[in-house]
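Following: one structure in structure tokens, then a few remarks.
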Amino acid sequence: MIRTISRGLVAGLAALALTAAPAQAARRYPVGDLKTAVANFFVSPDAVAGANDWSCRPSRAHPYPVVLVHGTTSNLGSAWVALAPTLADAGFCVYAFNYGETYSSLFGHLYGLGEISRSAATMSAFVDRVLAATGAARVDVVGHSQGGMMPNYYIKRLGGAAKVHTMIGLAPTNHGTTLGGLVDLGRTFHVLGLVNGAYTLIGAPAESEQEEGSPFQTALFAEGDTVPGPRYVVIASSRDGTVTPYTNSFLNGADVTDILLQDQCPGDAVGHVGLSLDGPAIQNVLNALGPATPHFQADCTGYGPEF
């Protein structure tokens, strides 16, 4: 249902990232492309350039380690071929993990399938490990699709509000998806329960939990979209064909910045899976993690795939 296997090449992002003196100036990480993403999906699902250097120590310029959270049916090796090396080359300490493994994970390649509450517990343990290793007080989080929504459970239910400085979602499934109206159609014809039962049977309950109006979604946001503490940033595309309507990605709250890429770059036709490789999207991530310039305007180049 929700694919986040990274595709495409983001040209020139390393140059855009150099906004401060890097903590690891002697090390340079190559920004991946389509071939890197596809290859990593199969041969390197647990590693990606720029991520998980456990000797990294946050700098004064970048005091918060960045935790990357992939989406459904993806893995860290393929999802972050552009963003992990870009952030590392900019001087951030970058970390990524896999979560949601079930018996349908194809021997450790398809992740993000399991119950979202359990995936959030996996995230909780990983964040604690990052904080212990780096000595940082909090982390910044960047997540794509389910990876932009699942951390809300961690923040709201598992004590994450005290440990997350900034939560950035790339096309997050924050308020679920109608899948272009298919979810509503399934409810109308009383077959949605059968479909969701099939998801559970094949070991992919996270799929049904991300449907608009699901019991999981209703409970998670019943008390409001956000909680005090973290700063929230959502980056979405009007061309998103997976999170429908795309406005379901957005959050309402006191410390929320909702960004529609087409407001900055009308010609950017990036779709759902392409956001983690989209030049304007990654520039907005760098701004949110760095200077946080109000009314930031991305350079409209290096668009991601149109799907």
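For the numbers below, each heavy atom of this structure counts, side chains included, while hydrogens, waters and symmetry mates do not. Since the structure is predicted, the reported quantities are computational estimates derived from the model, not experimental observations.
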Kindly indicate, with the supporting measurements, whether the criterion side-chain contact (heavy atoms from CB on, under 4.5 Å) is fulfilled by Val127 and Tyr95. CA-CA 9 Å; Val127 169; Tyr95 301 89; over 6 Å; no
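- Side-chain contact of Asp140 with His62: a donor-acceptor pair under 3.5 Å is absent, judged by distance alone.
- Atoms CG and CZ, on Leu68 and Phe97 in that order, are 9.5 Å from each other to the nearest 0.5 Å.
- Side chain of Glu207 to backbone of Leu113: no donor-acceptor contact under 3.5 angstrom is found.
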Before giving the answer on side-chain contact (heavy atoms from CB on, under 4.5 Å), spell out for Leu286 and Leu87 the whole-Å C-alpha distance, their side-chain angles and the decisive distance to 0.1 Å. CA-CA 8 Å; Leu286 289 166; Leu87 291 174; 3.6 Å; yes
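- Taking every heavy atom of both residues into account, Gln217 and Thr173 meet most closely at NE2-O, 3.2 Å.
- In the model, Asn174 has a side-chain atom that pairs as donor or acceptor with a side-chain atom of Asn152 under 3.5 Å.
- Tracing side-chain contacts under 4.5 Å through hydrophobic residues (I, L, V, M, F, W, Y), one never reaches Val233 starting from Val164; they form parts of separate clusters.
- With hydrogens and angles disregarded, a donor-acceptor distance shorter than 3.5 Å links the side chain of Thr178 to the backbone of Thr244.
- Checking side-chain atoms of Glu101 against main-chain N and O of Gly114 turns up no donor-acceptor pair under 3.5 Å.
- By the 4.5 Å heavy-atom criterion applied to side chains, Tyr153 and Ser117 are counted as neighbours.
- At a threshold of 4.5 Å between non-hydrogen side-chain atoms, the residues Val67 and Phe126 count as touching.
- Rounding to the nearest 0.5 angstrom, the gap separating the OG1 atom in Thr134 from the CH2 atom in Trp54 is 8.5 Å.
- For the pair Val142/Leu170, a side-chain contact is recorded, criterion being any heavy-atom separation below 4.5 Å from C-beta on.
- Between Ala84 and Ala49, the shortest heavy-atom distance links the atoms CB-O, 3.5 Å.
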Determine whether Val66 and Val141 satisfy the following criterion, side-chain contact (heavy atoms from CB on, under 4.5 Å), listing intermediate values before the conclusion. CA-CA 6 Å; Val66 180; Val141 178; over 6 Å; no
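- Of the candidates Trp80, Tyr99, Phe41, His70 forms a ring pair (Phe, Tyr, Trp, His ring centres under 6.0 Å) with just one, namely Tyr99.
- Shortest non-hydrogen contact noted between Asp299 and Pro280 is O-CG, 3.9 Å.
- Side-chain N/O atoms of Glu212 and Thr177 include no donor and acceptor closer than 3.5 Å.
- Minimum heavy-atom separation, Ala288 to Ile168: CB-CD1, 3.6 Å.
- Taking a 6.0 Å sphere around CZ of Arg118, one finds it holds 12 or fewer heavy atoms contributed by other residues, nucleotides or ligands.
- In this structure, the side chain of Gln262 engages the main chain of Asp268 through a donor-acceptor pair within 3.5 Å.
- In the hydrophobic cluster analysis, where Ile, Leu, Val, Met, Phe, Trp and Tyr join through side-chain heavy atoms closer than 4.5 angstrom, Ile282 is grouped apart from Leu260.
- Contact check for Leu289 versus Asn287: no side-chain heavy atoms found under the 4.5 Å cut-off.
- To the nearest 0.5 Å, atom CZ of residue Phe307 and atom CZ of residue Arg239 are 12.5 Å apart.
- Across all their heavy atoms, Cys265 and Tyr303 have their closest contact at CB-OH, 3.7 Å.
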Under the criterion side-chain contact (heavy atoms from CB on, under 4.5 Å), I'd like the reasoning laid out for Leu158 against Met123: C-alpha separation, chi angles, the key distance, then a yes or no. CA-CA 10 Å; Leu158 302 179; Met123 179 177 180; over 6 Å; no
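- Under the 4.5 Å side-chain criterion, counting only non-hydrogen atoms from C-beta, Ile259 is in contact with Gln264.
- The distance from the OG atom of Ser119 to the CD atom of Gln146 is 5.5 Å, given to the nearest 0.5 Å.
- Between the side chains of Gln283 and Asp278, no donor-acceptor pair is found at a separation under 3.5 Å.
- When atom types are taken as modelled, the side chain of Ser237 and the backbone of Val270 share a donor-acceptor pair closer than 3.5 angstrom.
- A side-chain donor-acceptor contact under 3.5 Å links Asn98 to the backbone of Leu76.
- Checking side-chain atoms of Arg57 against main-chain N and O of Ala133 turns up a donor-acceptor pair under 3.5 Å.
- Counted by atom type alone, Asp33 and Thr36 present one or more donor-acceptor pairs between their side chains at under 3.5 Å.
- Hydrophobic clustering, with ILVMFWY side chains joined whenever heavy atoms are under 4.5 angstrom apart, keeps Val285 apart from Tyr64.
- No donor-acceptor pair under 3.5 Å is formed between the side chain of His165 and the backbone N or O of Val139.
- Annotation: side chain of Phe92 is not in contact with side chain of Thr86 (no heavy-atom distance under 4.5 Å).
- Rounded to the nearest 0.5 Å, atoms CZ (Phe216) and CE (Met150) are 9.0 Å apart.
- Side-chain atoms of Val243 and His175, non-hydrogen and from C-beta on, never get closer than 4.5 Å to each other.
- Put simply, the side chain of Asn52 gets close to the backbone of Ala96: a donor and an acceptor are under 3.5 Å apart.
- When all heavy atoms of Pro172 and Ser249 are compared, the closest pair comes out as O-OG, 2.7 Å.
- Residues Leu275 and Val81 are members of one and the same hydrophobic cluster, defined by side-chain heavy-atom contacts under 4.5 angstrom among Ile, Leu, Val, Met, Phe, Trp and Tyr.
- In this structure, a donor-acceptor pair under 3.5 Å is absent between the side chains of Glu209 and Ser214.
- In this structure, the separation between NE2 on His144 and OG on Ser74 is 8.5 Å, given to the nearest 0.5 Å.
- Tyr154 and Val234 fall within the same hydrophobic cluster, where Ile, Leu, Val, Met, Phe, Trp and Tyr residues are linked whenever their side-chain heavy atoms come under 4.5 Å apart, directly or through other members.
- Judged purely by distance below 3.5 Å, without hydrogens or angles, the side chains of Asn75 and Asp46 never pair a donor atom with an acceptor atom.
- Listed for the Asp225 side chain is a donor-acceptor partner under 3.5 Å among the backbone atoms of Asn252.
- At a cut-off of 3.5 Å, with distance as the only test, a side-chain donor of Ser145 or His272 sits close to an acceptor on the other residue.
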